Amino acid sequence: MRRTIKLISLLIVLIVIFSAFNGFAQSKAKKAVVTKRESERKAMHSRDSLLHTLNRSDTSINSLLQRVEQYTTSFNQISNNLADGIDTADVSQALPPVIKKIDKINSVFKTHKSSTLRYLFVLRDNLDHIQGVLDGWQSDLQDVNTKLVENQTDLLKFTKDTVLKTVPSDSLVRRTFFAQLRNARHIWHGIDSINRSALLKVNLLQDKIAISYTKTLDASDQIDSKIKGFAMKAMAGESGYIWEYDRQYADFGSALNGTIKLNVFLFSNFLKSETVTHLAGLVFLILVFSWIIFSRTKVLKTNENPEQVFTEANYISKKPIISSLLVVTTIIPYFYVHPPTVFLETFFLVSIILSFILIRKEIPKVLYNFLVSMFAIAVAYSISNLFIEISNIDRYFVLLLSIISIGTGLVFYKKLKQAPDDHLPYTELVLKIFIAMQTLSLLLNVTGRFSLAKIAGVTAVFNLWLLVILYIIVNIIVQALFLQFQIKRGPNHIINWIDYNLVQKKFKNTLLVAASLLWVFFLLQNLNIDDWVNDNIADILNESRSIGGASFTFGGFVIFIFVIWLSSIASKVISYLYDVSAQRVTDLSVSKKKNRTSALIIRMGVFSVGFLLAVVASNFPLDKLTIIISAFGVGIGFGLQNIVNNLVSGLILAFEKPINIGDVIQIDGHMGTMKEIGIRSSRVVTGDGSEVIIPNGDLISHQVVNWTLSNSNRQIELRVITAYGADVNKVTDVLKNLLSNRDDIMTNPGPAVFVNDMNENAVEFKVLFWEADISTTGTLKSKVLTEIYEAIGKEGVQLPSTQKDIYVHFPDGVPLTNPAEKTSGTKEKDSKTTDAKKNPPGRAQ
């Protein structure tokens with residue numbers, strides 16, 4: 001029993017131990033599982049934190065590297081800009097000669113206290129030109145300086161950027177960052193050095209230009225002040241009378257020396273500084289020479305009788321090279337802005353010589369001798385005009401030239417009065433003005449006003465010669481235009497259809513206006529008042545004025561009128577070219593007629609565009625334009641209805657095209673061909689040659705018959721009358737056979753013959769047929785009637801007679817005792833017989 005109890009107790013203990021051990025093991029295993037999970041979770045959190053930290057670190061480093069890369073790119077861009085655009089070599093090379101020129105002008109101005117008025121203007125013109133050059137350089141350098149300052153600002157941002165002071169913690173990233181930063185700093189040092197050097201260079205140039213500009217302004221002010229004083233002194237007199245010797249102007253050698261040195265200096269600088277204008281003048285010479293030689297050569301090759309053509313172009317035919325050179329030497333000096341006097345006078349004297357060569361065999365001997373004398377006087381005045389100082393010898397020389405000029409002019413004037421028709425137009429008027437100005441020069445010189453005397457004498461001689469030169473040049477250009485029209489071309493070439501007389505008249509008038517303006521400009525130059533006139537005109541045109549709250553300038557008004565005038569000229573040229581194209585085409589289809597009618601639309605379009613350009617160019621306020629349009633609308637309501645009606649009708653005709661240029665129309669009893677559809681009215685040419693002006697409103701509101709709207713076909717109606725008793729079928733067959741198988745009569749629809757009427761004396765036939773071209777109606781109708789008459793005569797068909805004999809019977813037994821009564825009765829019988837013959841058969845008397 002005990003043994004059993006021990007065994008049971010031992011078993012219970014073992015079970016308890018095993019259970020405890022098993023529980024401990026399970027607890028230990030569970031604890032191990034929990035610890036591992038926590039460790040894994042901690043490890044995951046650690047890894048996430050590390051990755052997040054690494055990501056943040058990488059982003060910051062990328063930002064640093066991108067910042068360095070941006071600076072590097074910016075530095076490279078600045079380097080490229082410095083290499084391409086910052087080039088001041090041209091200004092650096094051109095500035096020293098300009099400074100030298102300014103110093104030379106100042107030296108001349110201070111050395112020669114008794115300078116002539118002419119050369120004071122020359123010096124001031126040169127200073128004005130230098131100011132313009134310096135202004136351009138200063139503006140260019142200011143732009144360069146602005147770019148350099150912007151570059152320097154960008155470069156300074158690099159040194160002040162605190163972000164670049166951040167040091168990455170990772171060693172590998174740190175090495176990469178510092179390598180790129182060193183490279184950027186190396187580029188920065190090079191660019192910064194170049195930019196600072198360029199900025200310093202530009203600033204130094206700007207300082208030099210500013211100093212030169214200041215010198216120029218000071219010299220200009222001094223010269224302007226001296227010109228004002230000189231003008232007052234010239235009016236009052238620089239010296240005493242001509243017989244009073246003035247020791248102040250006794251040093252002729254000094255005046256001559258200074259004149260030579262200054263003119264050589266100005267001329268050499270001019271040749272070096274105007275390269276572009278020289279090339280432009282050379283191109284102009286080539287163009288003029290090519291045009292004249294080409295026209296002459298083409299006439300020789302293509303014209304059957306060139307000698308007859310050349311009789312109308314004597315200058316070009318005989319001396320084409322001289323003609324070309326004359327045009328060029330006269331026009332080229334006006335390409336330049338304030339060229340030196342020696343350059344102008346050289347070209348002017350060359351032009352005179354060329355003119356002599358051209359006209360020496362074309363003018364009377366008396367005029368030729370006068371012009372030879374004038375050439376010698378012009379050379380003498382040219383030499384005197386170059387002097388920069390007043391001298392007694394120069395004064396006496398000018399006095400002598402005035403006396404010779406007056407004497408030569410009076411001698412020629414006497415001979416001119418004997419044969420006025422043998423000389424150039426307006427010769428007498430020009431000669432009177434020349435003698436008057438030389439007389440004025442003589443009086444001014446005698447009374448001590450030498451500068452004014454020289455200006456008057458030079459102006460008289462130079463402008464006299466310029467009139468002759470411009471007269472020849474206008475003829476040369478007109479002759480070249482004439483040769484263009486004489487060149488043989490194809491039959492449909494547009495030149496063959498242009499009216500030369502009309503073009504020559506318009507072109508010559510334009511040339512005369514241009515020559516007149518050129519002569520006036522040359523006159524102002526010789527009088528030394530061109531700048532004064534230009535400044536005053538500019539002030540008048542640019543001064544702002546106001547009327548009723550609206551501001552305007554005369555300059556804007558002039559521009560507005562000028563642009564409107566140009567647009568009207570352009571519209572007229574377009575209309576004329578369309579008329580020329582109409583003459584070239586004899587068979588106008590419907591589409592071609594409509595294209596010609598479109599000229600009205602084009603003209604109105606050109607005029608409208610011109611009006612808008614005029615408004616824009618004149619700076620006219622658009623809000624005021626609406627007021628004008630509103631006022632125009634009120635005017636329409638009161639008194640402009642008809643005008644506006646015609647204008648709107650013109651637009652309707654242009655777009656709807658019920659009538660085209662070349663159509664044959666009939667309106668209000670007028671029938672003719674439409675030649676022009678204008679903006680307000682249209683022009684119809686009738687068969688008798690008269691031109692009927694029809695308002696466009698009538699073409700819209702009245703009944704218009706358009707014979708050629710869709711085609712040019714027309715039906716012709718003829719009436720053929722035969723004697724009573726004629727064979728109707730025979731006559732019908734004859735007429736049908738006559739109208740069949742003809743080229744001038746349409747077959748679809750074909751011709752038709754009808755019996756139209758008959759009476760006791762005649763049978764009337766109606767003949768109908770169609771022609772393809774309405775312009776041949778009269779010719780075709782006459783031809784067909786002639787053939788009908790001949791065909792009817794051959795077939796023996798009788799035509800009705802228009803003669804009737806009347807017999808008068810007196811009763812038997814009535815004696816004719818009175819011879820006068822017999823005679824009277826005979827006359828009465830003859831009279832009745834005559835009256836009967838006048839009445840055709842079948843008509844009531």
Side-chain angles (χ1 to χ4, degrees), residues 112 114-126 223-224 226-242 246 249 255 259 262-263 266 333 338-345 348-349 352 374 377-406 409 430 432-467 518-536:
H112 303 280
S114 57
S115 298
T116 61
L117 184 61
R118 171 76 180 180
Y119 259 84
L120 289 177
F121 282 111
V122 170
L123 295 178
R124 193 190 64 181
D125 290 343
N126 279 272
I223 291 176
D224 287 338
K226 191 168 185 178
I227 287 175
K228 292 179 181 178
F230 195 97
M232 298 178 63
K233 186 178 179 181
M235 294 297 297
E238 296 103 338
S239 59
Y241 290 100
I242 192 70
D246 196 337
Y249 306 121
T259 297
L262 181 61
N263 280 286
L266 293 177
H338 298 304
T341 306
V342 63
F343 174 80
L344 291 174
E345 292 183 351
F348 186 67
L349 293 177
I352 295 176
M374 287 299 102
I377 294 173
V379 173
Y381 267 118
S382 298
I383 296 172
S384 176
N385 199 38
L386 294 175
F387 276 82
I388 65 174
E389 281 190 74
I390 301 174
S391 64
N392 291 326
I393 294 179
D394 190 23
R395 183 181 178 185
Y396 298 144
F397 184 66
V398 172
L399 178 68
L400 179 62
L401 290 177
S402 300
I403 296 172
I404 295 174
S405 300
I406 294 172
V430 172
K432 289 180 179 179
I433 296 175
F434 171 77
I435 295 174
M437 291 194 68
Q438 288 294 351
T439 305
L440 177 64
S441 174
L442 176 66
L443 295 176
L444 290 172
N445 199 353
V446 169
T447 56
R449 297 164 179 82
F450 171 65
S451 297
L452 296 180
K454 181 184 283 189
I455 290 174
V458 169
T459 302
V461 176
F462 282 14
N463 279 79
L464 171 67
W465 265 113
L466 186 63
L467 278 176
L518 201 63
W519 185 85
V520 171
F521 178 74
F522 192 69
L523 174 66
L524 297 177
Q525 274 190 331
N526 289 326
L527 292 174
N528 295 312
I529 58 173
D530 51 330
D531 289 334
W532 177 80
V533 172
N534 182 51
D535 293 340
N536 281 274

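Predicted model, so just to flag it, every value in this text is computed and none were measured.
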Residue set satisfying side chain to side chain contact (heavy atoms under 4.5 Å, CB included) with Ala453, at least two apart, ordered chain then number -> Ser441, Leu444, Asn445

Across all chains, not counting sequence neighbours, the side chain to side chain contact (heavy atoms under 4.5 Å, CB included) partners of Val446 are Ile242, Trp243, Leu399, Leu442

Non-neighbouring partners of Phe397 that pass ring pair (Phe, Tyr, Trp, His ring centres under 6.0 Å), sequence neighbours left out: none

Residues passing the ring pair (Phe, Tyr, Trp, His ring centres under 6.0 Å) test with Phe348, sequence neighbours excluded, are Phe462, Phe522

Side chain to side chain, Thr259 and Asn263, heavy atoms closer than 4.5 Å: yes

Those residues that, when tested against Thr459, pass side-chain hydrogen bond (donor to acceptor under 3.5 Å, both in side chains) (two or more places apart): none

Rounded to the nearest 0.5 Å, how far does [atom2] of [Y] lie from [atom1] of [X]?
{"X": "Ile352", "Y": "Leu466", "atom1": "CD1", "atom2": "CG", "value": "9.0 Å"}
{"X": "Phe450", "Y": "Ile455", "atom1": "CZ", "atom2": "CD1", "value": "10.0 Å"}
{"X": "Tyr396", "Y": "Asp394", "atom1": "OH", "atom2": "CG", "value": "11.5 Å"}
{"X": "Ile435", "Y": "Thr439", "atom1": "CD1", "atom2": "OG1", "value": "7.0 Å"}
{"X": "Tyr381", "Y": "Glu345", "atom1": "OH", "atom2": "CD", "value": "13.0 Å"}

Where is the tightest heavy-atom contact between [X] and [Y], given as atom of each residue plus distance?
{"X": "Trp465", "Y": "Ala378", "value": "CD1-CB, 4.0 Å"}
{"X": "Phe434", "Y": "Ala460", "value": "CD1-O, 3.6 Å"}
{"X": "Gln438", "Y": "Gly457", "value": "NE2-O, 3.5 Å"}
{"X": "Thr447", "Y": "Arg395", "value": "C-NH2, 4.5 Å"}

Quick one: does Ser402's side chain have a donor or acceptor within less than 3.5 Å of a partner on Val398's backbone? yes

Output, in order, the C-alpha distance, side-chain angles, deciding distance and verdict of side-chain contact (heavy atoms from CB on, under 4.5 Å) for Leu467 and Asn463. CA-CA 6 Å; Leu467 278 176; Asn463 279 79; 5.9 Å; no

